[in-house]
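Inspection log for the structure reproduced underneath, given as structure tokens.
The first residue of the sequence shown is numbered 1, and numbering continues consecutively from there. Read the numbers this way: they start at 1 and go in the same order the structure lists the ligands and their atoms.
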Amino acid sequence: MAKEDKVRTTDFRMMKKEGRKITMLTAYDYNSARIQDEAGVDSILVGDSLGMVMLGYENTLPVTIDEILHHAKAVVRGTKRALVIADMPFMSFQVSPEKTVENAGRFLKEGGATAVKLEGGREVLPQTRALIAAGIPVLGHLGLTPQSIHQMGGFKVQGKVLAQAEKLVEDAKLLEEAGVFGIVLECIPAPLAEKVSQSISMPTIGIGAGKGCDGQVLVAHDLLGLSGDFSPRFVRRYANLGEEMQKAFSSYISDVRSGEFPGEKESFSMDEETLKRIYG
Ligand code: KIV
């Protein structure tokens, strides 16, 4: 695959086969998507995490189809090469396979995304099959599935006990049989993620799941240091943009207050004749 070639869902499997790690980041706006795309990321997830990092919700449950759609359109406009995946928000796929196809269809038809992601294992097989039958590529999501936090009792590492771990491996196989092109593994022990990755031919994309996965995803705000003091253990901060932004905003505020901004360089002049006429 040449650098400028568009990444397709079918490339995911190939990359796993060839041992090339898949990179994925979340983005929710045009410029972030453009910068990530130019940096060479393979895929961009318009995650329902946007509810928390863009809209200030406490969790992802309030996120609507229209909110994902709005952000997905901006991301698609900023992307030339990366594969854009739209997240199916809470209650957009739980009701029925028919509703799921209808809702997911909007992300491709109106949003311009290439694929959708939905949380869950065996319980979402009918929806997953219906989507794939409709020609909509699906990325699975196992382990910590934030839309079920109330059932899970909070954001906790999953798959630590044998029954849970076995169920997770089985779910991954079932999703693969259903035809997903990859599976996100969120917050599970590294050895379990490695076992899942070895058990299926589709790639696993880990977040808090160790290095045995076939690719990695992070919420961009977390790696950029834009999520305030909140930083889960599995995140590596590559920048401290929150602090940089605060410094820049403070400098601007103080420059405006002191009359330092705008200066001559940031102002427009006019010809002497017109100026004289204005002042009479
Ligand atoms: O919504 C999201 O950003 C996600 C990732 C954490 C995988 O689901």
To check your reading of the model: name the closest protein heavy atom to [atom], its residue, and the distance in Å.
{"atom": "atom 6 (C) of ligand 1", "result": "I207 CD1, 3.6 Å"}
{"atom": "atom 8 (O) of ligand 1", "result": "K117 NZ, 3.1 Å"}
{"atom": "atom 4 (C) of ligand 1", "result": "L45 CD2, 3.6 Å"}

Any N/O pair [X]/ligand 1 closer than 3.5 Å:
{"X": "S49", "value": "yes"}
{"X": "E186", "value": "no"}
{"X": "Y28", "value": "no"}

task: For H141, counting its heavy atoms only, list the atoms of ligand 1 lying under 4.0 Å from any of them.
output: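 Those qualifying, in numeric order: 8 (O).
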field: Close-contact set for ligand 1 against G47 heavy atoms, below 4.0 Å
entry: 1 (O), 2 (C), 3 (O)
statement: Counting heavy atoms under 4.0 Å, the part of T26 that contacts ligand 1 is side chain
query: Is D87 touching ligand 1 with its side chain, its backbone, both, or neither, if touching means heavy atoms under 4.0 Å apart?
result: side chain
Does a donor on one side chain and an acceptor on the other come within less than 3.5 Å for [X] and [Y]?
{"X": "Y252", "Y": "E260", "result": "no"}
{"X": "E176", "Y": "S201", "result": "yes"}
{"X": "D222", "Y": "S227", "result": "yes"}

Check against side-chain contact (heavy atoms from CB on, under 4.5 Å), I22 and F12: CA-CA 7 Å; I22 298 164; F12 267 44; 3.8 Å; yes
query: Does any non-hydrogen side-chain atom of V138 lie less than 4.5 Å from one of K117?
result: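 Not touching, per the 4.5 Å side-chain cut-off.
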task: Taking the side chain as every heavy atom from C-beta outward, state whether L185 and V196 have any pair of such atoms under 4.5 Å apart.
output: yes
field: Pair D66 + R106: basic N to acidic O under 4.0 Å
entry: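 Answer for the salt bridge query: yes.
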